[in-house]
2 protein chains.
Amino acid sequence: MEYPGRGDAARTMALLWDGAPTPRRGPRQRLDLARIVDAAIAEADRSGPAALSMRALAHTLGIGPASLYTYVPGKAELLELMVDRVAGGRPLPSADAGWRAGLRDLAASDLAAFRAHPWLLQVATSRTVFGPSVLARHDAALALLDGYGLAAIDIVGCVAAVEAYTRGAASAVVEAEQAPALTGSSDDEWWEERAPLLGERMAGRFPRLAALEEAGAFAVSDSALPYTLQRALDRFAFGLDLVLDSVGARIAAARD
Amino acid sequence: MEYPGRGDAARTMALLWDGAPTPRRGPRQRLDLARIVDAAIAEADRSGPAALSMRALAHTLGIGPASLYTYVPGKAELLELMVDRVAGGRPLPSADAGWRAGLRDLAASDLAAFRAHPWLLQVATSRTVFGPSVLARHDAALALLDGYGLAAIDIVGCVAAVEAYTRGAASAVVEAEQAPALTGSSDDEWWEERAPLLGERMAGRFPRLAALEEAGAFAVSDSALPYTLQRALDRFAFGLDLVLDSVGARIAAARD
DNA sequence: TAAAAACACCGTACACCGTTCGGTGTATTC
DNA sequence: GAATACACCGAACGGTGTACGGTGTTTTTA
């Protein structure tokens, strides 16, 4: 099929919004797009987005590497499809229980997605994916602050702030969670290799870190893990409350 | 993005904290570590962290690819050195003008770093770099909230929230700024290729997006750029104020 | 002063990667 | 039955990070 615009952009858009075109002649495709994208997601979950290889993916799907390009223009486009598919795979945040519960729901859902698919954090940095599911989520997020008297630009600002915070804080959580998997060694090993060297050199240099460490709010030189998952999750919730409190203040101010 | 290779942790730590060791025998090295790291930073600034190639870097430095490994255990370690060097290259945030100015300073400085070195956003996702400059920045950031009566754990929470927000919001800014460079085409071209297809399919589907677009707070289907830099910067400031307002509220609460 | 050791440097090669091309066989349409 | 459009694939291209073995240079040792 020939696509107007001739670039891969048009074809990617078509794939995102309309799915794979159904040709009229020739043998049927043995696979369908959804299955390919799902397999790619599973593979990226396992080994990261850079480690996701078209060859390995083709192999797991039981086809040759070249055949993948019958379904998808390239790896970048496949990643876009993956992003949109993940966005479509979870329920939209609901405004029924009020704005605060709604925004919290949004953040929690995004955090869960980032934890389940850590590669999202690295893929989505480069450019927004204009897929139907991604846009639907945006739309639903904006709807959460509808009807509280906020100016349009403030609605966008508040939602963007929640999403920005979520992304940043989620990467801290994922770091705490994924770190051991990346090196292949256990987290203990990774840390124990560095702890002695670090403790030596940090001695007396960073008073604040040392003080907070003693207060138990921070850990950098003991034999425990540097960032435990629980600590990261607590921090996530703490910071989210900060943002939501201020959103509440704006809403209250708009009421008057 | 994920990077292969894992040199021994000890050597990386030594490079981060002590610099290159000075051997006693044999010919002198023709280059020094700082120059290599700087060249790598310059190259990554130009073409992204994935496009940073050891071969190209070696060529720029006037040595063979294999010789690079005399200085640095591998690409992953080089990236760690780059992160720490960038952290060391800017002034620490100052607490002199009060906590709010200090945190704002911190966020602004981080944003500037992310804009100047977009690859930081992709590199730093995988794991904290335990280098001297990175830790010094952490220490200075925590010092900003010293002496306001906050509990240690709340200090850490507030600073972490600001940093998390900054990272997430910075990636939106960088996206707005870098998008055209990534595709190679101008931003106009990129957008004009997609706009007609997008407008068609979005029609009537996303009421909130459409409404906010009419209010001028959002733009997705006109012929202008989807995310202008100025809009992203405004949103950054708006969201940062949200976070800082809540930090102020916690400080006020702690005073009583 | 001569030998030995330690080291920088590099040519080459390996195992991957994403992607393209030409060719082959198959299912649909004429 | 012929033409056609298509799915699929083997092989190859140009790239990547990195390991290895060898060569030549400098410093230390005897």
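In what follows, every chain begins at residue 1, and chains take the letters A, B, ... in the order their sequences are listed. Model, not experiment: these values are computed from the prediction.
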*Asks:* Which residue lies toward the 5' end of DNA chain C, A/Gly74 or B/Arg28, if each is placed at its nearest nucleotide?
*Replies:*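 It is B/Arg28, whose closest nucleotide lies nearer the 5' terminus.
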*Asks:* Among D/dT18, D/dC8, C/dT19, which is the nearest nucleotide to the side chain of A/Met54?
*Replies:*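 From the listed options, C/dT19 comes nearest.
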*Asks:* Any salt bridge linking B/Asp38 with B/Arg85? Criterion: basic side-chain nitrogen under 4.0 Å from a carboxylate oxygen.
*Replies:*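 Salt bridge flag = yes for B/Arg85 with B/Asp38.
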*Asks:* When you check the phosphate oxygens OP1 and OP2 of D/dC20, does a side-chain N or O of B/Tyr69 lie under 4.0 Å from one of them?
*Replies:*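 No, no such contact exists.
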*Asks:* Given atom CG of B/Leu57 and atom P of C/dC10, what is their separation to the nearest angstrom?
*Replies:*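 It works out to 13 Å between those atoms.
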*Asks:* Could you tell me how far apart A/Leu61 (CG) and D/dC8 (P) are, to the nearest whole angstrom?
*Replies:*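 Checked: the CG to P distance equals 11 Å.
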*Asks:* Can you check the A/Glu77 CD to C/dT19 C1' distance for me, whole Å?
*Replies:*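 It works out to 12 Å between those atoms.
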*Asks:* Can you tell me how far P of D/dT26 sits from CD of B/Gln29, to the nearest Å?
*Replies:*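 Rounding to the nearest Å, CD of B/Gln29 and P of D/dT26 are 14 Å apart.
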*Asks:* Please report, rounded to the nearest Å, how far the P atom of D/dA7 is from the CG atom of A/Asp32.
*Replies:*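 In whole Å, D/dA7 P lies 14 Å from A/Asp32 CG.
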*Asks:* Roughly how many Å is it from OH in A/Tyr71 to C1' in D/dC9, rounded to a whole number?
*Replies:*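 Spelled out: OH on A/Tyr71 to C1' on D/dC9 is 12 Å.
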*Asks:* In whole Å, I'd like the distance from the CD1 atom of A/Ile36 to the C1' atom of D/dC8.
*Replies:*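 So the two atoms are 12 Å apart, to the nearest Å.
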*Asks:* Is any side-chain N or O of A/Ser53 closer than 4.0 Å to OP1 or OP2 of C/dC16?
*Replies:*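 No, A/Ser53 has no side-chain N/O under 4.0 Å of OP1/OP2 on C/dC16.
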*Asks:* Determine yes or no for a side-chain-to-main-chain donor-acceptor pair under 3.5 angstrom, with B/Thr166 supplying the side chain and B/Val162 the backbone.
*Replies:*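 Such a contact is found between B/Thr166 side chain and B/Val162 backbone.
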*Asks:* Could I get the full list of side-chain hydrogen bond (donor to acceptor under 3.5 Å, both in side chains) partners for A/Thr60, not counting sequence neighbours?
*Replies:*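 Scan of A/Thr60 (side-chain hydrogen bond (donor to acceptor under 3.5 Å, both in side chains), adjacent residues dropped) gives none.
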*Asks:* Can you label the angle between the A/Tyr165 ring and the A/Phe236 ring as parallel, tilted or perpendicular, going by 30° and 60°?
*Replies:*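 The rings of A/Tyr165 and A/Phe236 sit tilted, inter-plane angle from 30° to 60°.
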*Asks:* Using whole Å, what does the distance between atom C1' of nucleotide C/dC9 and atom NE2 of B/His59 come to?
*Replies:*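 Atom NE2 in B/His59 sits about 17 Å away from atom C1' in C/dC9.
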*Asks:* With 3.5 Å as the limit, what N/O pairs link the protein to nucleotides 10-13 of chain D?
*Replies:*
from, atom 1, to, atom 2, distance (Å)
D/dA12, N6, A/Arg55, NH2, 3.2

*Asks:* Using 4.0 Å as the upper bound for N to carboxylate O, is an ion pair formed by A/Arg205 and B/Asp139?
*Replies:*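 Salt bridge: no.
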*Asks:* Hey, are A/Arg90 and A/Asp110 close enough for a salt bridge, meaning a charged N less than 4.0 Å from a carboxylate O?
*Replies:*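 Salt bridge between A/Arg90 and A/Asp110, a charged N being under 4.0 Å from a carboxylate O: yes.
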*Asks:* Anything under 3.5 Å between a protein N or O and an N or O of nucleotides 3-5 of chain D, put it in a table, one pair a line.
*Replies:*
from, atom 1, to, atom 2, distance (Å)
D/dA5, O4', A/Arg25, NE, 3.3

*Asks:* Tell me what A/Leu52 touches on the nucleic acid: a base, only sugar-phosphate, or nothing, going by heavy atoms under 4.0 Å.
*Replies:*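 The answer is sugar-phosphate, as A/Leu52 gets under 4.0 Å only of primed atoms, P, OP1 or OP2.
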*Asks:* Evaluate the side-chain proximity of B/Trp119 to B/Val86: yes if any heavy-atom separation is below 4.5 Å, no if none is.
*Replies:*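 The answer is yes; the side chains approach within 4.5 Å.
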*Asks:* For A/Gln29 and A/Thr70, test the side chains for any donor-to-acceptor distance below 3.5 angstrom and give the result as yes or no.
*Replies:*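 No - no donor-acceptor pair under 3.5 Å links their side chains.
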*Asks:* For the backbone of A/Leu52 and the side chain of A/Lys75, can you confirm whether one donor and one acceptor N or O come within less than 3.5 Å of each other?
*Replies:*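 Confirmed, A/Lys75 side chain pairs with A/Leu52 backbone.
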